[in-house]
Amino acid sequence: MRRAIYPGSFDPVTNGHLDIIERGCKLFDEIIIAILVNPDKRPLFTIEERREMLLEVIQTISTGNCRLLVEDFQGLLVHYAVQREADAIVRGIRAVSDYEYELQMALMNRRLEPRIETVFMMPAEVYSYVSSRLVKEVFQLGATIQGLVPPSVEARMSEKLKRG
Ligand SMILES: Nc1ncnc2c1ncn2[C@@H]1O[C@H](COP(=O)(O)OP(=O)(O)OP(=O)(O)O)[C@@H](O)[C@H]1O
Ligand SMILES: [Mg+2]
């Protein structure tokens with residue numbers, strides 16, 4: 001049984017995240033999608049809203065025999081990963097700009113917990129520029145985000161920002 005943790009803010013979940021989850025499902029028997037509770041950030045959606053959106057949209061992707069769970073965590077990722085008896089941490093790499101930060105985190109996490117491997121996955125090119133931050137930014141300025149997030153997330157965004 002191979003279990004991975006896919007950590008992130010998921011504020012909100014995008015099609016880029018879902019692409020990485022689908023690919024991760026080819027490698028792991030179970031993936032825990034772990035929402036990071038970060039008291040220093042001002043998120044658009046609450047943890048509960050983010051969890052609801054994730055639970056909704058993971059129904060729509062092909063996961064094969066892989067089991068998906070949605071949880072949240074605080075503090076050190078590797079502590080949480082050990083506590084959940086995970087083998088690996090899954091991260092997505094979009095562009096070279098992601099690489100530097102991700103490498104630094106992966107090496108620090110390896111130092112803190114050598115038993116846990118970090119696995120990097122590349123999304124489909126069409127999602128290589130999609131981030132939660134950019135999706136929120138363009139949506140707030142009136143652009144369409146169709147195709148970048150699942151329809152249910154787009155609806156939540158309209159509701160939240162009183163648009164649509
Ligand atoms: N479009 C994407 N393609 C590949 N990986 C992605 C994509 N979007 C996010 N990821 C990866 O998912 C993980 C969680 O990312 P995170 O929750 O920070 O999403 P984000 O879209 O980068 O959000 P934000 O803009 O708030 O930073 C990270 O490893 C990140 O690189
Ligand atoms: Mg990010």
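Just so you know, ligand 1 is whichever comes first in the structure, and atom 1 is the first atom listed for that ligand.
- Where the criterion is an N or O separation shorter than 3.5 Å, residue side chain and backbone included, G92 meets it with respect to ligand 1.
- For atom 27 (O) of ligand 1, no protein heavy-atom neighbour is found at a distance under 4.0 Å.
- Here T46 contributes atom OG1 and I35 contributes atom CD1; the two are 9.0 Å apart, rounded to the nearest 0.5 Å.
- For ligand 1, the atoms lying closer than 4.0 Å to a non-hydrogen atom of S131 are 21 (O), 25 (O).
- The nearest protein atom to atom 15 (O) of ligand 1, hydrogens excluded, is given as H17 NE2, 3.7 Å; this is a heavy-atom distance.
- By the criterion of side-chain heavy atoms lying less than 4.5 angstrom apart, applied directly or through intervening Ile, Leu, Val, Met, Phe, Trp or Tyr residues, L161 is grouped together with V138 in one hydrophobic cluster.
- Polar contact check, P123 against ligand 1: no nitrogen or oxygen pair lies under 3.5 Å apart.
- At a heavy-atom cutoff of 4.0 Å, ligand 1 is contacted by the side chain of R94 but not by its backbone.
- Side-chain contact between R84 and F73 is absent, with no heavy atoms from C-beta onward closer than 4.5 Å.
- Side-chain contact between L148 and T14: absent, with no pair of heavy atoms (C-beta onward) separated by less than 4.5 Å.
- Listed by number with element, the atoms of ligand 1 under 4.0 angstrom from any heavy atom of V130 are 1 (N), 2 (C), 7 (C), 8 (N).
- The structure places CD1 of I61 at 11.5 Å from CZ of R23, a figure rounded to the nearest 0.5 Å.
- Under a 4.0 Å N-O distance rule, the pair E159/R156 does not qualify as a salt bridge.
- When non-hydrogen atoms are compared, ligand 1 lies under 4.0 Å from neither the backbone nor the side chain of M121.
- Contact check for M157 versus L44: side-chain heavy atoms found under the 4.5 Å cut-off.
- The residue S128 has no part lying near ligand 1, judged by heavy-atom distances below 4.0 Å.
- Residue contacts with ligand 1 for F10 involve N, CA, C or O but no side-chain atom from C-beta outward (heavy atoms, distance under 4.0 Å).
- With hydrogens and angles disregarded, a donor-acceptor distance shorter than 3.5 Å links the side chain of N15 to the backbone of G147.
- For Y6, the closest heavy-atom approach to ligand 1 falls below 4.0 Å.
- Counted within 6.0 Å of CZ on R3, heavy atoms from surrounding residues, nucleotides or ligands total more than 12; the atom is thus considered enclosed.
- Within ligand 1, the atoms closer than 4.0 Å to a non-hydrogen atom of Y127 are 1 (N), 2 (C), 3 (N), numbered from 1 in the order shown.
- In this structure, P12 and K136 have side chains that are in contact, with non-hydrogen atoms separated by less than 4.5 Å.
- Below 3.5 Å of separation, one finds an N or O of S132 facing an N or O of ligand 1.
- The distance from ligand 1 to the heavy atoms of G8 drops below 4.0 Å at these ligand atoms: 14 (C), 17 (O).
- Of the possible donor and acceptor atoms, none in the side chain of N109 sits under 3.5 Å from a partner among the backbone N and O of V78.
- For ligand 1 and P7, the ligand atoms under 4.0 Å from any heavy atom of the residue are 13 (C), 14 (C).
- Counting the atoms of ligand 1 from 1 in the order shown, those under 4.0 Å from a heavy atom of R133 are 24 (P), 25 (O).
- At a 4.0 Å cut-off, at least one heavy atom of I20 sits close enough to ligand 1 to count as contact.
- Residue S9 places at least one N or O, backbone or side chain, under 3.5 Å from an N or O of ligand 1.
- Contact atoms of ligand 1 toward R91: 13 (C), 14 (C), 28 (C), 29 (O) (distance under 4.0 Å to a heavy atom of the residue).
- In the hydrophobic clustering of ILVMFWY residues, with side-chain heavy atoms under 4.5 Å counting as a link, I58 and I47 come out together.
- Considering backbone and side-chain atoms together, K136 places no N or O closer than 3.5 Å to any N or O of ligand 1.
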